[in-house]
Structure formats: structure tokens, C-alpha cells
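Please read the structure below before turning to the comments.
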Amino acid sequence: MRTTQRVLPAAALAVLIAAGAGAAVWRAATPDGPTRADLITAVKSDPRTSDVPDAAAGCVADWYLTYASRDQIEGLVDHTAVAGPPLSDEAKSAILECLKSAT
């Protein structure tokens, strides 16, 4: 298994688990929620995932837009930990399959 294939799922899970101060400003500026581009920027601006390939960051963004709650999406953008319900098997499979195809 290539190092990238081992690191990307771990990085994605780290982002999913632990995605502050700018939250109120962001909410006021984006009442309808973030765009895919906003989520990709959030993934790439996190020091733990800043070097992931663009395709992988896009997978994470798409996953959030499909499976995450509004609070979890805001947590990703704000880089704050937001606990959510346990992930469904479908959600777990979707993120892993997307990241496999992105690398």
C-alpha cells in the first residue's frame, strides 16, 4: 500500500473528527452555508491536511455536503471539533471509496 493511500484516509478521518473565533462572522456572511469551494479551502488550510491532493480535498468536501450536519460543516470550516451522530456504514464507505479513487 502506498504511503499516500494510508495517510489520506487517516487525514480525512482526522478532519471528520476534529474539523472558533470566526464562526459568527462566517455564519453571518454565508447564511445558506458554505460552498464546495469553501470546504476545499477549509481542508487545505488545516495544517493536518494542507498537503492532500486537490482530488482528495474535493472528496472530503463532497462527503461533507452529502453526509454531514450543518454544525459539522461549520466545524470543518472553523477548524473546531464538532461531535456528530455515529457515521452510517454508507457514510464510512463513501469517504473511503472516494479517497481511494482520488489517489
Side-chain angles (χ1 to χ4, degrees):
M1 183 181 285
R2 294 184 343 216
T3 302
T4 305
Q5 288 174 318
R6 286 181 284 190
V7 171
L8 286 178
L13 290 175
V15 170
L16 295 175
I17 293 168
V25 172
W26 176 76
R27 279 196 234 27
T30 57
D32 295 327
T35 64
R36 183 177 190 270
D38 295 331
L39 296 178
I40 291 170
T41 298
V43 170
K44 298 293 263 178
S45 68
D46 187 312
R48 297 168 295 178
T49 56
S50 62
D51 61 348
V52 300
D54 291 341
C59 282
V60 172
D62 292 339
W63 186 91
Y64 267 83
L65 291 171
T66 303
Y67 296 100
S69 69
R70 172 76 183 213
D71 289 341
Q72 290 169 314
I73 291 171
E74 290 175 3
L76 175 66
V77 172
D78 298 336
H79 302 294
T80 58
V82 176
L87 296 178
S88 68
D89 289 340
E90 178 185 358
K92 289 177 189 176
S93 178
I95 192 67
L96 292 176
E97 290 304 314
C98 187
L99 291 172
K100 286 180 194 176
S101 68
T103 57

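The basis for the numbers below is simple: all heavy atoms, side chains too, and nothing from hydrogens, waters or symmetry mates.
- Shown here for A61 and I40, the closest heavy-atom pair between the two residues is CB-CG1, 3.7 Å.
- Taken from OG in S93 to CG in L87, the straight-line distance is 11.5 Å, to the nearest 0.5 Å.
- Within the structure, the disulfide (SG to SG under 2.5 Å) test picks out the following pairs touching residues 34-93 (sequence neighbours left out): C59-C98.
- For T66, there are no side-chain hydrogen bond (donor to acceptor under 3.5 Å, both in side chains) partners two or more places apart in sequence or in a different chain.
- T49 contributes no side-chain N or O that, together with a main-chain N or O of V52, makes up a donor-acceptor pair within less than 3.5 Å.
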May I have the step-by-step check of side-chain contact (heavy atoms from CB on, under 4.5 Å) for I73 and L39, ending in yes or no? CA-CA 8 Å; I73 291 171; L39 296 178; 3.7 Å; yes

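- L65 and P34 get closest at one heavy-atom pair: CD2-O, 4.2 Å.
- A donor and an acceptor atom, one from each side chain of T35 and D38, are located under 3.5 Å apart.
- Residues Y67 and E90 share a closest heavy-atom pair of OH-OE2, 3.3 Å.
- Of the possible polar contacts, none joining the W63 side chain to the A94 backbone as a donor-acceptor pair under 3.5 Å is found.
- For residues 49-64, the salt bridge (Lys or Arg N to Asp or Glu O under 4.0 Å) pairs, not counting sequence neighbours, are R36-D62, K44-D54.
- Here the rule is side chain to side chain contact (heavy atoms under 4.5 Å, CB included) with E74, and of V77, L76, D78 only D78 fits it.
- Side-chain contact between P86 and K92: absent, with no pair of heavy atoms (C-beta onward) separated by less than 4.5 Å.
- Scanning all heavy atoms of the two residues, the minimum distance from P85 to Q72 falls at CD-NE2, 4.3 Å.
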